[in-house]
There are 2 protein chains.
Amino acid sequence: MFSSTSEYALRAVVHLASNPDKPCTTGEIAEAMKVPAGYLSKVLQSLARAGIVSAQRGPTGGFTLDRHADRISVLDVINAVDPIERITKCPIDLPEHAANLCPLHARLDEAIALVQTALGASTIAEMIEKRRGMTTRPVAPTIGRRPIRPTSARPAEAPKRGRKPAR
Amino acid sequence: MFSSTSEYALRAVVHLASNPDKPCTTGEIAEAMKVPAGYLSKVLQSLARAGIVSAQRGPTGGFTLDRHADRISVLDVINAVDPIERITKCPIDLPEHAANLCPLHARLDEAIALVQTALGASTIAEMIEKRRGMTTRPVAPTIGRRPIRPTSARPAEAPKRGRKPAR
DNA sequence: CGAATAGTGGATTTCTGTATCTACAACTGT
DNA sequence: ACAGTTGTAGATACAGAAATCCACTATTCG
C-alpha cells in the first residue's frame, strides 16, 4: 500500500523529530531506524528538496527538521518522496470515459481521498511515542456504507479443478 | 496506490458484470477494456482461483461471474489478485515495537483500514454505469480530523541550492 | 592550510511487478 | 473421431523501484 521509500522517509522524519536538539547523520538515522544507509541518503535528499529537512555538511553536520514536527503531516512526508496520485481521469482510454470518471474510478479515487485526508491531518508530532503507553487512540468510526456479504463464502482453498491424465 | 493488476482485474469483472448473458473470452474483455490480452489471462486465472469468476473452455467458452455482481465487492476483486495488506506488526524490527504498533504504523494502518472499509462496501454492481448520468454520488463526508497547515508553504520549486564550479 | 567528517549525485546492480510467447489441455460442434 | 476454439501453465523478457557503490564537494576544527 505504501512504498518502502515512503516508509523510510517517515521513519527518518520521526527520528529527527525525536531528536530535535542536534543534527542527525545519515548513519545514525539508518542504524536507529533500521533503514539501508545508502538508500536513506537518497530519501533524505528528496526530503531536503521538498523543504522538510535541511542538510548541514561537514563534521557536526547532519539533518534537521525544517519546521516543527507539529507542522509536518504524514502526508507531507509521503508526498515528498512518493506522491499519492489522485485519479483525475479514467485510465481506460475510451471516448465515453473522457469527460467524467466512471463509477469504478470515482470510487477508487474516493478511497484515495480518504487516505489523503487521514494522513494529511496526522502530524509527525503525534507519531512520536512517548515511550509510555503507546497512545494509539482509535480513529475514524467508519464511513457510511454497510459491508456486503457474498452469497457463497470465499472458498478457503482454491477450487483445485481436477486434472485427470487423459480421459 | 492501486497496482495495474488490480486495475485490470476490476475492469474485467466490471465487463463481465455488464455482459451477464454470455461467457466473455479473454480477447473480448481485453479489447473492450483496453487491457493487454496476454496479461489478462493471468489475472483471470487468479480471479478464477479466488472463486470470483468461472472459466469454460472450448468454443462458446469464456469467463462468467461466479455470483451476482451485487455480491462482489471491489475489495474482493483486489484481494484476489493483489491483496491489501494490513499492518499488524511494526516493520521496524526493534524490541520496543514488538508488542504493539507504534503510533506511526498504527496511523498508517488506520488509513489502510479506511480503504478496506470503503472498497469492501462498494459492489461491482454499483460500478456498472448505466451510460446515463454517471451516478457518482459523493461519499464519506470526512473523518474527524482537521487538516494542519505548515508554517511555511510548501516551496513551489525545489530550493535549488547553488552549485558554483570551485570557489 | 590540511585532514577528517558528512552530504551530493551519477553509475550500476538487484529485485519484483508487468507483460509476452508458446506448447499444451479441455471442450464444442459436426 | 476430428478440427477448431478457448483457457492453462511454464518460461522468458522487460521496466521501474529498491538498493549499493564510488568519486566528488562542502564544512568544521586544529
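Within every chain, numbering begins at 1; the chains are lettered A, B, ... in the order of the sequence lines, protein sequences first and strands thereafter.
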Pairwise side-chain contact, I84(A) with I78(A), heavy-atom cut-off 4.5 Å (strictly under): yes

Rounded interatomic separation in angstrom, taking CZ from F2(A) and C1' from dA18(D): 19 Å

Would you mind reporting whether K89(A) and H105(A) have side-chain heavy atoms less than 4.5 Å apart? no

What's the angle between the local helix axes at either end of the helix from dC1(C)-dG30(D) to dT30(C)-dA1(D), using five pairs per end and rounding to 10 degrees? 10°

Determine, for nucleotides 19-24 of chain D in 5'-to-3' order, which nucleotides have protein heavy atoms under 4.0 Å from the base (write B), from only the sugar-phosphate (write S), or from neither (write -). BB----

Give a yes or no on whether a salt bridge exists between R67(B) and D76(B), defined as a side-chain N under 4.0 angstrom from a carboxylate O. yes

Can Y39(A) and T5(A) be counted as having a side-chain donor-acceptor contact under 3.5 angstrom? yes

For dA26(D) and Q56(A) - does any side-chain N or O of the residue sit under 4.0 Å from the phosphate oxygens OP1/OP2? no

Shortest side-chain distance from T60(A), nucleotide among dG9(C), dT8(D), dC29(D): dC29(D)

Taking the side chain of P59(B) as its heavy atoms from C-beta onward, which of dT28(D), dG7(C), dT5(D) lies nearest to it? dT5(D)

Taking it one step at a time, do S3(B) and D82(B) satisfy side-chain contact (heavy atoms from CB on, under 4.5 Å)? CA-CA 8 Å; S3(B) 71; D82(B) 198 0; 2.4 Å; yes

Validation row: E7(B), P91(A) side chains within 4.5 angstrom (heavy atoms): yes

OP1, OP2 of dG9(C) versus side-chain N and O of Q45(A): anything below 4.0 Å? yes

Measuring from the side chain of A55(A) (C-beta onward, heavy atoms only), which nucleotide among dT8(D), dC29(D), dT8(C) has the closest atom? dT8(C)

Distance test, side-chain N/O of T26(B) to OP1/OP2 of dG7(D), below 4.0 Å: yes

